[in-house]
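Worksheet for the structure shown next.
Because only heavy atoms are used, hydrogens play no part in the values below, and waters and symmetry mates are left out as well, while side chains stay in. Numbered from 1 within each chain, the chains take letters A, B, ... in sequence-line order.
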Amino acid sequence: MNFTIRAATKVDCKDISRMIMELALFEKMTDQVKISSEELERDGFCPNPLFECLVAEVPKENKSKEGFTTVGYGLYFYTYSTWKGRSMYLEDLYVMPEFRGFGIGKGLLSTVAKVAKEKHCARLQLSVLDWNAPSRDFYATRGAQDLTVKEGWHLIRFDGQSLDDLGNDAQKK
Amino acid sequence: MANFIIRTAQPNDVCDILRLIKELAKFEEMEEQVILTEKDLLEDGFGDQPFYHCLVVDVPKEKQTSEGHTVIAFAMYYFTYDPWIGKLLYLEDFFVMPEFRGFGIGSEILKVLSETAVRTRCSSMHFIVAENNTKSIEFYKRRGAADLSSEEGWRLFAIDKEELLKMATK
């Protein structure tokens, strides 16, 4: 199967939004998706974008059952390590199920790695759900280390009311 | 300690920021892993495309450290993106020199960070904590934080430069 990988443009946001929902469905968390394609356009294609995105396309003759030719995406942004400097975080990597097994996921990841190299990033990080064994294996075979298992790192989140309360908590002291 | 000032770091703070980064790394017994230089911090934090933002804490001259430093704490953060909820604030590092702890400096830094998060329309603040640091995990959980690794099963993965280069050249 022929495919091309390129940087996403504003017009790709509708397809990216569709695939974000498909990935959320796979992760059993669709009720958590609050971002629309318009917000993706605003956040990814403004003067100081919050993320960058790659999309994978197939020719028209290989389009999906519903007629889509944009069949995969990789969404990433730049982070910083106080030890190693510039780093990259791969937030989402997704290929529509009917287009798997053709090297598209590997192609997206390699292109992300190329961008990381061009931007002098020391490291690429990402998160995988513990029950998602195929994804854990996909990254492990490419040299990824599971830092939660290996070093015991846990991801912590403050949001909504807890974020507001944290800000108010210090005043009480 | 009544007097301390939390402010946005300036280019001339990079020397103190690197010193504090190394002190934190020393505490974590990983000092040799810090390969960052003052030049990197300057280019990466104060150039056209900042990769990070930093808060620093000043104390008055009369409270300076034994080596004469008045910058005694820092917090480094940047903005990330969750395609489900949008802009987030990610807290990368947060350190108060041991002799200046217990005066509410850490709590004030967290307050400034959470105010920054809300002001810059972030829906959430994320960071990582080592699982054996139960004291910190309990501290954050009491304040309403969620441990996404325990609660949702998220595992953090890292691919280092060597492996990245292999993939980039395929």
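By the 30° and 60° cut-offs, the orientation of the rings of A:Tyr78 relative to B:Phe51 is perpendicular.
To the nearest 0.5 Å, atom CG of residue B:Asp93 and atom OG1 of residue A:Thr82 are 3.5 Å apart. For the atom pair CE of B:Met30 and CH2 of A:Trp83, the computed distance is 4.5 Å after rounding to the nearest 0.5 Å. How far CD of B:Glu92 is from OG of A:Ser87: 7.5 Å, rounded to the nearest 0.5 Å. From A:Ser81, atom OG reaches atom CD1 of B:Ile35 across 8.0 Å, with rounding to the nearest 0.5 Å.
Chain B forms more heavy-atom pairs under 4.5 Å with one residue of A:Leu50, A:Leu147, A:Asp146, A:Val33 than with any other, namely A:Asp146. In terms of heavy-atom pairs under 4.5 angstrom with chain B, the leader among A:Lys150, A:Glu39, A:Arg42 is A:Arg42. For the options B:Arg121, B:Met76, B:Glu31, heavy-atom pairs under 4.5 Å to chain A are most numerous at B:Arg121. Interface remark: of the candidates B:Ser149, B:Gly45, B:Ser150, B:Ser149 forms the most heavy-atom pairs closer than 4.5 Å to chain A. Taking chain B as the reference chain and counting heavy-atom pairs below 4.5 Å, the highest number among A:Arg86, A:Arg123, A:Gln125 is found for A:Arg86.
For A:Ala24, the parts sitting under 4.5 Å from any heavy atom of chain B are the backbone and the side chain alike. Using a 4.5 Å cut-off between heavy atoms, A:Glu52 makes no contact with chain B at all. Heavy atoms of A:Met21 lying under 4.5 Å from chain B are absent altogether. Contacts between A:Ile20 and chain B at a heavy-atom distance below 4.5 Å involve backbone atoms as well as side-chain atoms. Of the atoms belonging to A:Gln145, heavy atoms from both backbone and side chain fall under 4.5 Å from chain B.
Considering only heavy atoms from C-beta on, B:Thr80 stays 4.5 Å or farther from A:Glu91 through its side chain. For the pair A:Leu40 and B:Tyr81, the minimum side-chain heavy-atom distance is below 4.5 Å. In this structure, B:Trp84 and A:Leu23 have side chains that are not in contact, with every pair of non-hydrogen atoms separated by 4.5 Å or more. With contacts defined as side-chain heavy-atom distances shorter than 4.5 Å, the pair A:Thr79/B:Tyr90 does not qualify.
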Please test A:Asp43 against B:Lys87 for salt bridge (charged side-chain N to carboxylate O under 4.0 Å, His left out), starting from the C-alpha separation and ending with a verdict. CA-CA 8 Å; A:Asp43 296 336; B:Lys87 194 178 182 187; over 6 Å; no
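Within a 6.0 Å sphere centred on CG of B:Asn12, heavy atoms belonging to other residues, nucleotides or ligands number more than 12.
The two residues B:Pro83 and A:Asp92 have their closest heavy-atom pair at CG-OD2, 3.4 Å.
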